[in-house]
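For reference, the structure I am asking about is given below.
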Amino acid sequence: RMQVGLSLGPSFAELCVTSSKETTAGSKKSPLFQSRAYLPKENLSACFQKLKDHFSAGGSGESKAEPIEKITVSCRYLEKIFETKLGGSVAQVLTSGFETWPVLRQPVNPDHFVTHPLRAEPLASQEHIFGITERINAKGEVLKAVDPQSLEFIASKLKLMEIKKVCVNLLFAGQNPEHQEQVKNYFVEQGFEVFCSPRGGASRDEVSSWRNHILNACLSGTFLEILSDIQKATVGLVEPDKIYFIDSKGESHQRPLNHLSSLLFGWTSKLPADSLILNLGLESWSLIESNTCQKWQSPWGSVDVPHRKTTSLRVQPTQEIETDLWGELAMSARSASYEPGPMSWGRARKPLLVDILFSQLPSVAEEFQTLMAPAGVQRYKDTLRILQRNSAAQQSMDLMLFEKSLFERVLIEIEMAIPSKSVLLTGFFAEPMLPHLKKQAPHIDWKLAPQSQSWEAQSVAQA
């Protein structure tokens, strides 16, 4: 039987098919099929159509009638909406007297001394916070029962405001979930979408748990759209109840509305637990440590999401290349995305770091040959030449040598980010960059993960 792994990022979808059969050595076979879709130009249906066409033609020696056991999805696509205003139509029901906590507990930016510090924006609107009469103490003892009248008042008000999503954030629900369950059941009966999840006794930070509920509510609409797209794309391949999403603990869920924030780290759950991992992915580069963090430091503050400690590198494949304050060419502090896309694809106005990678890594450029636009490549060269002439140094250097110097600067940044003498490389750029990294930093033991380019999708398929 076949298992399908789908790695769904903000701009790319990667598909990998493996077989449940094992080799004589006990290890999994190589993937039966792999494909990649650039989502701004292709939809998921086109990606799965390639799979249908492949096996209909008897690809890999497999029968076209070979059944698919399940489809497991790693979903980072939800990151796509982080730049938008979240939580506009999400209400919070809190223990009375703590309605200001979601604002007062917001982190201060920047975190060092400045004369005018600013608090990060909360996820949900302060106007949609409602307090109910109830109280449980830190030992889990009930001090005051839930007042039914306050629930009825809040429900009627939310209906008038046409708010459908409600987060139940009650004090000390981790020590005693009795009131949380009571309030949750009431709002479910009233027809609301309720977001709250059981908390372990070790979870002591109330607001981190509350943010988790709010973030799940904010992401739910986009998630349901993704789920609908996957179901439409897989008609005829697998039944809807065979589609699973993997969370940061490696557990699978069919409709994980109360685990959506955990899905953001599902792709790290199956990485080797005993290795420091450098993920040079197609859309982002990060360093993944072996230890587990209990909280995610999100743009809105800490969130209760246990996950492998992940640190983004200073250099990212979609960073813009521009002239800095000193007149030198540098990677911008801000990172763009693949939308509209690299200049070499004829889609962007500024050159990106990935344009440099296309020039220095021929195998990468060949992988995206169908997306490369000759006019776009020429425009990238012309733009880079103009930036070079306007820079304070290296004005007379040959363009090819100049590109190589920028690429070497990227290798140095990666080398500086490695705190260990040994690192395991995964991700799309891992294999083509391995020889260059070995040459740049021979003192580091660079190890390449098997099937590194499609490692994420393959590991999800075998989860």
Side-chain angles (χ1 to χ4, degrees), residues 10 74-95 98 100-111 118-126 128-129 165-175 177 180 184 193-223 245-251 253 256-269 284 286 288-289 291-312:
S74 166
C75 188
R76 289 188 297 107
Y77 184 87
L78 298 172
E79 297 174 2
K80 188 170 183 170
I81 66 171
F82 278 3
E83 299 298 325
T84 63
K85 180 69 175 177
L86 301 180
S89 59
V90 175
Q92 297 180 70
V93 176
L94 274 59
T95 301
F98 294 86
T100 57
W101 266 28
V103 172
L104 296 178
R105 289 286 307 279
Q106 284 301 101
V108 175
N109 294 325
D111 56 3
L118 298 173
R119 288 193 184 275
E121 284 290 324
L123 273 166
S125 172
Q126 185 72 13
H128 297 161
I129 295 179
K165 299 176 182 178
V166 179
C167 298
V168 179
N169 297 331
L170 303 185
L171 199 64
F172 298 124
Q175 279 63 47
Q180 179 175 276
K184 170 188 172 182
E193 299 175 45
V194 182
F195 295 85
C196 68
S197 54
R199 291 172 55 193
S203 178
R204 299 293 183 182
D205 188 352
E206 300 291 332
V207 179
S208 293
S209 176
W210 296 357
R211 287 195 191 100
N212 189 23
H213 299 159
I214 301 167
L215 189 57
N216 290 335
C218 295
L219 297 176
S220 62
T222 302
F223 170 78
F245 292 83
I246 191 168
D247 67 12
S248 61
K249 297 179 181 179
E251 299 173 354
H253 307 269
L257 293 181
N258 277 299
H259 302 273
L260 296 180
S261 57
S262 184
L263 299 186
L264 299 170
F265 300 95
W267 64 281
T268 67
S269 63
S284 63
S286 55
I288 305 164
E289 300 182 23
N291 58 312
T292 300
C293 290
Q294 296 303 313
K295 299 184 188 301
W296 167 40
Q297 299 303 320
S298 78
W300 310 277
S302 63
V303 181
D304 260 355
V305 179
H307 66 288
R308 293 276 295 271
K309 185 176 181 181
T310 304
T311 306
S312 296

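Quick caveat: nothing in here was measured; it's all calculated off a predicted structure.
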Original post:
Could you give the distance from NE2 (His307) to CG (Asn291), rounded to the nearest 0.5 Å?
Top reply: 9.5 Å
Subject >> Derivation and outcome, side chain to side chain contact (heavy atoms under 4.5 Å, CB included), residues Lys309 and Ile288 >> reply: CA-CA 6 Å; Lys309 185 176 181 181; Ile288 305 164; over 6 Å; no
Original post:
Okay, side chain of Arg211, backbone of Asp304: is any donor-acceptor separation there less than 3.5 Å?
Top reply: no
Subject >> Leu215 and Trp210, any side-chain heavy atoms less than 4.5 Å apart >> reply: no
Original post:
Residues in side-chain contact (heavy atoms from CB on, under 4.5 Å) with Glu79, at least two apart?
Top reply: Pro10, Arg76, Phe82, Leu264
**OP:** Mind checking the NE2-CD1 spacing from His128 to Ile214? Nearest 0.5 Å is all I need.
**Re:** 12.5 Å
Original post:
Taking side chain as C-beta onward, heavy atoms only, is Val303 less than 4.5 Å from Lys295?
Top reply: no
Subject >> Validation row: Thr222, Ser220 side chains within 4.5 angstrom (heavy atoms) >> reply: no
Original post:
Among side-chain atoms of Asn169 and His213, is any donor-acceptor pair under 3.5 angstrom?
Top reply: yes
Subject >> Min side-chain heavy-atom separation Val166-Val93 under 4.5 Å >> reply: yes
Original post:
Roughly how far apart are Ile246 CD1 and Phe265 CZ, rounded to 0.5 Å?
Top reply: 14.5 Å
**OP:** Verify whether one side chain among Lys165 and Ser89 offers a donor that lies under 3.5 Å from an acceptor in the other.
**Re:** no
Subject >> Lys/Arg N to Asp/Glu carboxylate O, Arg105 vs Asp205, below 4.0 Å >> reply: yes
Original post:
In this structure, which one of Ser261, Ser269, Ser262 forms a side chain to side chain donor-acceptor pair (under 3.5 Å) with Ser248?
Top reply: Ser262
**OP:** Kindly say whether the aromatic ring centers of Phe245 and Phe223 come within a distance under 6.0 Å.
**Re:** yes
Original post:
Is a side-chain N or O of Asn216 found less than 3.5 angstrom from the main chain of Asn258, in a donor-acceptor match?
Top reply: yes
Subject >> Minimum heavy-atom distance between Cys196 and Gln180, given as atom pair plus value >> reply: SG-CG, 3.9 Å
**OP:** Calculate, to the nearest 0.5 Å, the distance between atoms CG and CG belonging to Leu78 and Leu260 respectively.
**Re:** 6.5 Å
Original post:
Taking atom CD of Glu121 as the centre, does the number of heavy atoms from other residues, nucleotides or ligands within less than 6.0 Å exceed 12?
Top reply: no
Subject >> Euclidean distance, Tyr77 OH relative to Cys75 SG, rounded to 0.5 Å >> reply: 9.0 Å
Original post:
Without hydrogens or angle criteria, can the side chains of Ser208 and Ser302 be said to hold a donor-acceptor pair below 3.5 Å?
Top reply: yes
Original post:
Does a side-chain heavy-atom distance below 4.5 Å link Leu219 with Ile81?
Top reply: yes
Original post:
Of the options Asn212, Leu263, Asp247, which is the one that meets Val305 in a side-chain contact (heavy atoms from CB on, under 4.5 Å)?
Top reply: Asn212
Original post:
Are Leu94 and Leu170 close enough, and set up right, to give a side chain to side chain contact (heavy atoms under 4.5 Å, CB included), and what steps lead you there?
Top reply: CA-CA 5 Å; Leu94 274 59; Leu170 303 185; 5.7 Å; no
Original post:
Are the side chains of Thr95 and Phe172 in touch, meaning some heavy atoms are under 4.5 Å apart?
Top reply: no
Original post:
So, does Gln106 use its side chain to make a donor-acceptor pair with the main chain of Ala120 at under 3.5 Å?
Top reply: yes
Subject >> Point-to-point distance, once rounded to the nearest 0.5 Å, from CD of Glu193 to SG of Cys167 >> reply: 10.5 Å
**OP:** Taking side-chain contact (heavy atoms from CB on, under 4.5 Å) as the test, write out the residues that go with Pro299, two or more places apart.
**Re:** Trp296
